[in-house]
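Note on naming: letters A, B, ... go to the chains in the order of the sequence lines (proteins, then strands), and numbering restarts at 1 for each one.
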Amino acid sequence: MLKRFFPLLLCVLLTACAAPAPEPAQQQVIAMSIVMTFTAYGGEAEAAVTSAAEQMCALEASFSRTLPDSEVSRLNVQGRGTVSRNLGELLQAAGHYCASTDGAFDFTVAPAASAWGFTTDHFQVPNPEELEALLPLVDGAAVTVENAEEGYDVVLGDGQSVDLGGIAKGYAADLAADIFAASGIERGKAELGGNILVWGTRPDGAPWRVGVQDPARPGEPNALAGVLELENAYAITSGSYQRFFEAEGKIYHHIIDPSTGYPADSGLTSVTIVANTRERPEPDRPGNGTMCDAYSTALFIMGEEKALDFWRTHQQSGLYEDAFDLVLITSDGRVLVTAGLADRFTPDETSGYVYETVS
Amino acid sequence: MKLTTKELTVCALLTAMALGLSYLENLFPLSLAVPVPGVKLGLANIVAVFALYALGAGQAFLILFARCLLGSVFAGNMSAFIFSLFGGVSAMAVMTLLSHLRGLSVYGVSAGGAAAHNCGQIAAAMLTLGSTAPLYYLPVLLGVSLLTGGLTGLVCACLFRGLASTNFMKG
Amino acid sequence: MKPFPELRPAPWDLAVVAAVLTLALFCGVMVWGGAATGLTAIVTADGEEIDRFPLSAPAGERTYSAGGYTLTADVSPDGIQITASDCPTQDCIRTGRISRSGQSIVCLPARFILRLEGKTEINSSGVDAVIG
C-alpha cells in the first residue's frame, strides 16, 4: 500500500514546492513631466513594458512644448506643417472633444495658459486687457487636421498655438492599452502620474483597487476620498490641487477656462472620469483614455451641474462604448459618484466628505 | 478495483455523509474566529480518517474523489474542485503514510492529514493565482490544523470505540 | 486484516505535532521574516539603471548625480530616505522614508527614481494605485 501511494505523495509535495510564482514585468520612466509606471503579467510582459516606456519617451519628444525642436513646438512656430501619425490623430481627437464639449476642453488654450506662466513655471497674474486680447486665439475649431499621405497636414489659425497637456496623458494610456493588447498581456496597469489604465484583474483575481486622492490633502499619500474597484478601465483625474501658485493671497490653478482665460472657478476641486477599455473604434481614432482625459478637463471647467447634465446626455445617447462615469469632488465637501460606479466605489470614512450617488 | 455490493453501499453512504458534513460545517464558519481564508473545521475529514481505517486506502481515495467531484458540482465551480482535490489528496496521502507507522494514534494521523490538507490547498491556490502570496496564510493554517485535526481524531476515536462492539470493522 | 487504529494519544503523535509546528515556523520565517530583508533598491536616472543593491547591504549614505543634481540617500535595513538634494522642488526629500516593496522616491527635475522591489507584494487592505 505504501509503495503504491508514495509516488503520489511525492507528486503532491513537489507541486507544493514548484508552484510557479510569476513576478510582473515593470518599467518606470519619467516622461511628459510625470512618473509613468507600467506593470504587466503574462504574454510578452517584458517586451510590452519596455516598448511602452520607449513609446512614452517618443511621445514626449513629439508633444513637448518646452523642447524647442519637438513636433508641437515646430508646429506652433510655423503655424502649419505635416505631423506624425501619433500627433495627427491626437490633434484630430482633440478637435472632436473640443466640439463635443462645446469648447470647455480646448487644446488651443495655450496662449492664455502661457500668460499665467503655466508653461514656463514663471507664474504671474496677467492683466485683464492682456487676457482679453489673447482670448480670440483660443478656438479649437479654427485648427484643421487632414489625413495626408505621410501623417497629417495641420493648419493653425493666425497666432494660435496648441498644448496637448490636457489630453496627452489619456492618449499615452491608450497607447499603453494598444501595446498591452498586442502583447497578449493578461493583467497589468499603466500608472501615468495620477491617471491609470488597469488591464484585467489583480493577480489574485480581484479588481484593481484604485484610490482617489483627497484634493484637500494633496501631499499625503494615504489621504483618499475613496477607493474605486476597476477592471479593464481608465481612470483619469483633473484637479485644481495638481498645479497652482499663490499670488497676493489668492490661489491660481492650472486648469484655464477657455471662455474666460482665468483658472476655472466652478466649485469643483477634482473630476475623475472612468471608462472601459475597448479596441480603437477606427484605426486612426484613439481609445477611451484620450476621451477620459479631455472630459476630465472639460467637466472640471463646466462645474457640477453642467458636468452631470453632460454625463446624463451621454448615458442616454445609448452608445455604450462611449459610456463613462464620474467621481466629482466639490469645494463644499461633497463627493458625487454617478450610478454606474456606485457599487464599485468605497467612500473613505475618515475623509469627512458627504457622499452622494447621482443618476 | 472490485467492490462487493456491501463495500459499494458503504462507500456511497460515506460519500453522502462527507458531503453532508461539508455542508454542515458552513453553518459554523470558523473563519469568523480566525479571519484567514481557508480556515474551516474540516468535518469531512472525519469520514476520510474513518474510511482509511475501516475500508483501506483504496476505497478511502474513491470516496474522496467522489466527494470532491460532487461537492464542486453542487458548489458550481471548477476551482472549488481543484482546491478540495489538492487538499483531499494531500491529506489522504499523508494519512495513508502515517497510518502505517507504529506508535501513532488516530490523533496524530488526523492532525497530520489536516496539516497536509492545508498545504495542498495552499499549493492549489498558488497554482491557480500564479503567485506565492497564499503562502502567507500557511503558518496560521497549519497552527489551526493541529486543533481541527485533534478534534477530528477525537471524533474518530469515539466512533471506533462505539464500533468496536459491532462486527463492522471485521469486514 | 485492516490496521486498527490506536485510539489513545500515543507518544509519537507529538512528533507529528512537532513536524507541523516546525513547518509552520519555517514558512513563517520564510514569508514574514523575509519581507523586511528581501527588498532590493533599484536606482534609475533618465531611464538608465545606475545602482541596485539589497536593502540589507551595509547601512550608510549613498550619493547619486542625475540630471545635473546631486542626491544623497540614507540607507538602512528598515528603509531608504533622501536626506539631501540640490534640486529645486525638494519633493524627493519630502517623500520621507520608504520601506515597502513597490514604494518609490522620485525626483522629477533630476529624472531620478529610487524604487524598492521585493519578492512578494501583499496588498490586502491598501490600494494598488492612487490617482489624482
Asks: Between C/S104 and chain A, with a heavy-atom cut-off of 4.5 Å, which part of the residue counts as in contact: side chain, backbone, both or neither?
Replies: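 Just the side chain, heavy atoms under 4.5 Å.
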Asks: What part of A/Q242 gets closer than 4.5 Å to chain C, counting heavy atoms only: side chain, backbone, both or neither?
Replies: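 When you check distances to chain C, only side chain atoms of A/Q242 fall under 4.5 Å.
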Asks: Closer than 4.0 angstrom, basic N to acidic O: yes or no for A/R209 and C/D128?
Replies: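 Judged by the 4.0 Å cut-off on N to carboxylate O distance, A/R209 and C/D128 do not form a salt bridge.
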Asks: Check whether A/I329 gets within reach of chain C through its side chain, its backbone, both or neither, counting any heavy atom under 4.5 Å.
Replies: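 Looking at A/I329, nothing touches chain C.
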Asks: Relative to chain C, which segment of A/S296 carries a heavy atom at a distance below 4.5 Å: side chain, backbone, both, or neither?
Replies: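 Answer is neither: A/S296 stays 4.5 Å or more from chain C.
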Asks: Taking only Lys NZ, Arg NE, NH1 and NH2, and the carboxylate oxygens of Asp or Glu, determine whether C/R62 and C/D51 approach each other closer than 4.0 Å.
Replies: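 Yes, C/R62 and C/D51 are salt-bridged.
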Asks: Do you know which of A/C57, A/A225, A/P215, A/G211 has the most heavy-atom pairs under 4.5 Å to chain C?
Replies: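 Looking at each option in turn, the highest pair count goes to A/G211.
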Asks: If the threshold is 4.0 Å, N to carboxylate O, is there a salt bridge linking C/R8 and C/E6?
Replies: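 Here C/R8 does not pair with C/E6 in a salt bridge, since their nearest N and O are not under 4.0 Å apart.
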Asks: Under a 3.5 Å threshold, yes or no: a donor from one side chain and an acceptor from the other, between A/D348 and A/Y353?
Replies: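 Short answer, no.
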Asks: Within the 3.5 Å criterion, strictly below it, is a donor on C/R97 or C/S76 matched to an acceptor on the partner's side chain?
Replies: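 The criterion, which ignores hydrogens and geometry beyond distance, is satisfied for C/S76 and C/R97.
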Asks: Checking heavy atoms, do the side chain of A/V212, its backbone, both or neither come under 4.5 Å from chain C?
Replies: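 Both the backbone and the side chain of A/V212 come within 4.5 Å of chain C.
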Asks: Taking side chain as everything from C-beta outward and backbone as N, CA, C, O, which of these in C/R94 sits under 4.5 Å from a heavy atom of chain A? Side chain, backbone, both or neither.
Replies: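 Contact with chain A is absent: no heavy atom of C/R94 under 4.5 Å.
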Asks: Could you look at A/T272 and say if it's the side chain, the backbone, both or neither that has a heavy atom under 4.5 Å from chain C?
Replies: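 Contact with chain C involves the side chain of A/T272 alone.
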Asks: Specify whether C/F112 and C/Y64 have parallel, tilted or perpendicular ring planes, treating 30° as the upper limit for parallel and 60° as the lower limit for perpendicular.
Replies: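 Ring orientation of C/F112 relative to C/Y64: tilted.
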